[in-house]
Amino acid sequence: MNFYTDNDPLKLQLSHPLMKKIVNLKENNFEYAKTVPIAPLDFEDAIDSYDKILEIVGEICGDIIAPNAESVDHEGARVENGRVVYAKGTKENIKALADAKLFGMSLPYKYNGLNFPMVPYVMAAELVSRADGGFANIWGLQDCAETIHEFASEEIKSEFLPRINEGETCSMDLTEPDAGSDLQAVQLKATFDENSNCWRLNGVKRFITNGDADIKLVLARSEEGTKDGRGLSYFVYDKKDNAVIVRRVENKMGIKGSPTCELVFKNAPAKLVGERRLGLIKYVMSLMNGARLGVGAQSVGIAEAAYREAYKYAQEREQFGKAIIKFPAVYELLYNMRAKIDASRAILYETARCVDIYKLWQEVAKERALTPEERAEMKHYNKLADGLTPMLKLMSSEYCNQVCYDAVQVHGGTGFMKDFPVERMYRDARITTIYEGTSQLQVVASIRAVINESYSSLIETFEKTEVPQEFEHIKFELNTMRAHYEHARKLVSEMNSDEMLDLHARRLVEMAAYIIMTYLLMFDAMRCSCDCCSLKESTHHFLRYGKAVSVGHLEYIRG
C-alpha cells in the first residue's frame, strides 16, 4: 500500500497557486540547476521531483513503518547503560528512511539535503504520522536542522547538518523537572570553559522527546544571577562526547516507540548557537513554531489513519443483518471525522505555505536587500503564520483526539482491545493537545490575533475571493458566521475585563477558526477535479458543524 498515492486531498496541496512562488524562491529562480546535478530545471521539474519523493515516502510508510507500528508500540524503547535502545521496528524504520535519503529533506544542497520547501516536507511528515504517530517524533525532529541552519555559525552548520542527511537523529532539550510550560524557569547551567574553549552544560532535563538523539539543541542558563528568559542561551551538543546520561525512559500512555527521557548533563561540552541571551527569546520561539507545524501534521496523519480503520470496519462489520455503516448514527460519526480531517489539512498547508514564503524571503535578505514590495510580502506572510500556527495546533490536535475517540466508538467493544490499531491510535493522539504547548497555551497565542483583528482581516480577504455559483451559498453562510464572530468579539471587548477575555478566549478563537478553516477547505474543494474527492462534501458538512458551534458560543457569551 502507498500512503501517498491513495490520498488525493493530500496530493492536491502540490498544485496550490502559491507553490510557484515558493519553488522559485527555494530554487533561487533555478540558478542552482547550473551547478547542482539534482536541482530541478524549472517549476514542473521541481513539482515532479516532490511528487516522486513523496511517492517513495508513501511506499515506505505503507510497506515498512505502518506494519512495524504495533510491535514497536508493544516493545517500546528501553535504557541500557545510560543509553536508549530503540525497538527493533524503529531501527528498521530509521534505516529505510535514511537509505532513501529522506532525513534532511529540507536542508540546502550545500549540506547534502534535497532543498525541499516546508510544504512537501510537511506532507512527508503527515504520511509518516499516519503510519506511526510515535515514530513521527523521531523522524520529524529533523526540524532542529532548520534552527541550526537559520541561526548557527557556518562552522556548526558544516559540522552537523550533513550528518542529519545520513540519518542521525535530533532532539530539542528544553523542559526540566521545574520548568515545563514556563521555560523562563530553566536552570540547567552553562559555563564557558576557557581551557577547552567550549561551553560546559550541567543539570537535568526531563520529558525530552527522543532524548538520546545524536544531535541535541539545549536551552541553558548562561548568565549568572538571572532568573528569566533573558539569561538563557541555546547550545548544540554532540552525543559522541558521551557526557549526557539517560536516567530513564518515561512509561507513557502512547507514542511508546518514541523515547521520552530524563537526562543528566555532566560537564557536557557544547557549542553556542547564535548569540548569548537569545536562546528562549528568539531561537526556541522559532523552533517551537516549527514544532507546532509538525504536531499539526502529526495530528492530521494520526486522524487519517484512525478514520480509515473506522471506515473499513464499518463496511465489514454487520449487525442486525446489515453493515453498520448503513446506520445513520455510525455514518454521521464517519462523516464528522472526514470533515474534521479535511478542514485540519486545509489549515495545515495554508500555514506551511505562509511559513515557506516568509522564511524564504528571510533567506534572500541575507544575500541582498529586499525591495519594499518584497519586505512587505515577507511581513505579511510572517504575520499570517504567527496567527495561523497556534490556531492550527489547537484545532488539528483537538480534532485528532475527537476522531480517534470516534474511531474506537465505531469499533465498539473491539476498539477497546489491543487486537485493533485504533486502540493504539487513541493513546497516541492524546499527547498532541499537550506537547509543544497545550491547547490552552495555543488559545493564549491565538487571542492576540483576535484582539488585533488579524483574523478579521484574513476573513475579509477571503470574502473578496470570487467563488463558483455552487459555493455561493457557503460564502453567504460564512458572512453570517463572521457577523456572529464580530458581535461576540465586540461583546467581550465591551466587558473591559481581562478575566472575561481569558474566560471567553477559546470561544472567540474557535469562532474565528471555523470561518477560516471552512474558507480554506472550500478553496481546496474548488481546485479539486477528482470525482471521488471528499472535499466538497466535507466543506458543506464542516460549515454546518461550525455554524452550530459558533451560534452556541455566541449565546454563551451573551449570557
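Sequential numbering from 1 along the given sequence is applied to the chain's residues.
Contact annotation: the side chain of M395 never approaches that of S344 to less than 4.5 Å [non-hydrogen atoms, C-beta and beyond]. F542 is listed as a side-chain neighbour of M517, based on a closest heavy-atom distance under 4.5 Å. For the pair L12 and L535, the minimum side-chain heavy-atom distance is below 4.5 Å.
Judged by distance alone, with hydrogens and angles left aside, the side-chain atoms of K475 form a donor-acceptor pair with the main-chain N or O of T465 at under 3.5 Å. Between the side chain of K393 and the backbone N or O of G437 there is at least one donor-acceptor pair closer than 3.5 Å. With R424 contributing its side chain and F420 its backbone, the two residues share no donor-acceptor pair below 3.5 Å. Put simply, the side chain of T438 never gets that close to the backbone of I434: no donor and acceptor are under 3.5 Å apart.
For R427 and D73, the salt-bridge test passes: some basic side-chain N is under 4.0 Å from an acidic carboxylate O. Between R506 and E510 there is a salt bridge, since a side-chain N of the basic residue sits under 4.0 Å from a carboxylate O of the acidic one. We find that R130 and D6 are joined by a salt bridge, their nearest charged nitrogen and carboxylate oxygen being less than 4.0 Å apart.
The local environment of CD in E44 is crowded, with over 12 non-hydrogen atoms from other residues, nucleotides or ligands closer than 6.0 Å. By the 6.0 Å contact criterion, OH on Y405 is open, its count of non-hydrogen atoms from other residues, nucleotides or ligands being 12 or less. Counting heavy atoms of neighbouring residues, nucleotides and ligands inside a 6.0 Å radius, atom OH of Y556 does not exceed 12 of them. Taking a 6.0 Å sphere around CZ of R448, one finds it holds 12 or fewer heavy atoms contributed by other residues, nucleotides or ligands. Heavy atoms from other residues, nucleotides or ligands lying under 6.0 Å from CD of E499 number 12 at most. More than 12 heavy atoms of other shown residues, nucleotides or ligands fall within 6.0 angstrom of atom OH in Y4. Heavy atoms from other residues, nucleotides or ligands lying under 6.0 Å from CE of M253 number 12 at most. No more than 12 heavy atoms of other residues, nucleotides or ligands lie within 6.0 Å of CE in M1, so this atom counts as exposed by the packing criterion.
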* To do: Starting from the C-alpha separation in whole Å, work towards a yes-or-no answer on salt bridge (Lys or Arg N to Asp or Glu O under 4.0 Å) for R482 and E486.
  => CA-CA 6 Å; R482 185 195 174 185; E486 296 295 352; 3.6 Å; yes
| Could you walk me through whether E27 and N115 pass the side chain to side chain donor-acceptor pair (under 3.5 Å) check? | CA-CA 8 Å; E27 292 299 326; N115 201 47; 3.2 Å; yes
E436 vs R292, salt bridge (Lys or Arg N to Asp or Glu O under 4.0 Å): CA-CA, chis, key distance, verdict: CA-CA 6 Å; E436 312 308 342; R292 287 166 181 169; over 6 Å; no
Report task. Starting from the C-alpha separation in whole Å, work towards a yes-or-no answer on side chain to side chain donor-acceptor pair (under 3.5 Å) for N137 and Q298. Result -> CA-CA 9 Å; N137 282 349; Q298 185 182 40; 3.1 Å; yes
> Under the salt bridge (Lys or Arg N to Asp or Glu O under 4.0 Å) criterion, do K26 and E363 qualify, and how do the steps go?
Replying inline: CA-CA 9 Å; K26 192 68 178 177; E363 286 299 305; over 6 Å; no
Show your reasoning for whether side chain to side chain donor-acceptor pair (under 3.5 Å) applies to N93 and N68. CA-CA 8 Å; N93 297 343; N68 281 337; 3.0 Å; yes
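No hydrogens or angles considered: a donor-acceptor pair under 3.5 Å links the side chains of S534 and D342. Defined by atom type and a distance below 3.5 Å, a donor-acceptor pair is present between the side-chain atoms of W361 and E377. Using modelled atom types and a 3.5 Å distance limit, the side chains of R353 and Q13 yield a donor-acceptor pair. With 3.5 Å as the limit, one finds no donor-acceptor pair spanning the side chains of K359 and N382. A donor-acceptor pair shorter than 3.5 Å can be found between the side chains of E398 and S439.
Ring-plane geometry between Y399 and Y514 is classed as tilted, the angle between the planes lying from 30 to 60 degrees on a 0 to 90 degree scale. Between Y121 and W139, the ring planes are tilted. Angles from 30° to 60° get that label. In this pair, Y335 and H541 present their aromatic rings tilted. The plane angle is within the 30 to 60° band. Relative ring orientation between Y519 and F523 is described as tilted, the plane-to-plane angle lying within the 30° to 60° band.
Cation-pi geometry between K326 and Y331 is not satisfied (NZ or CZ under 6.0 Å from the ring centre, within 45° of the ring normal).
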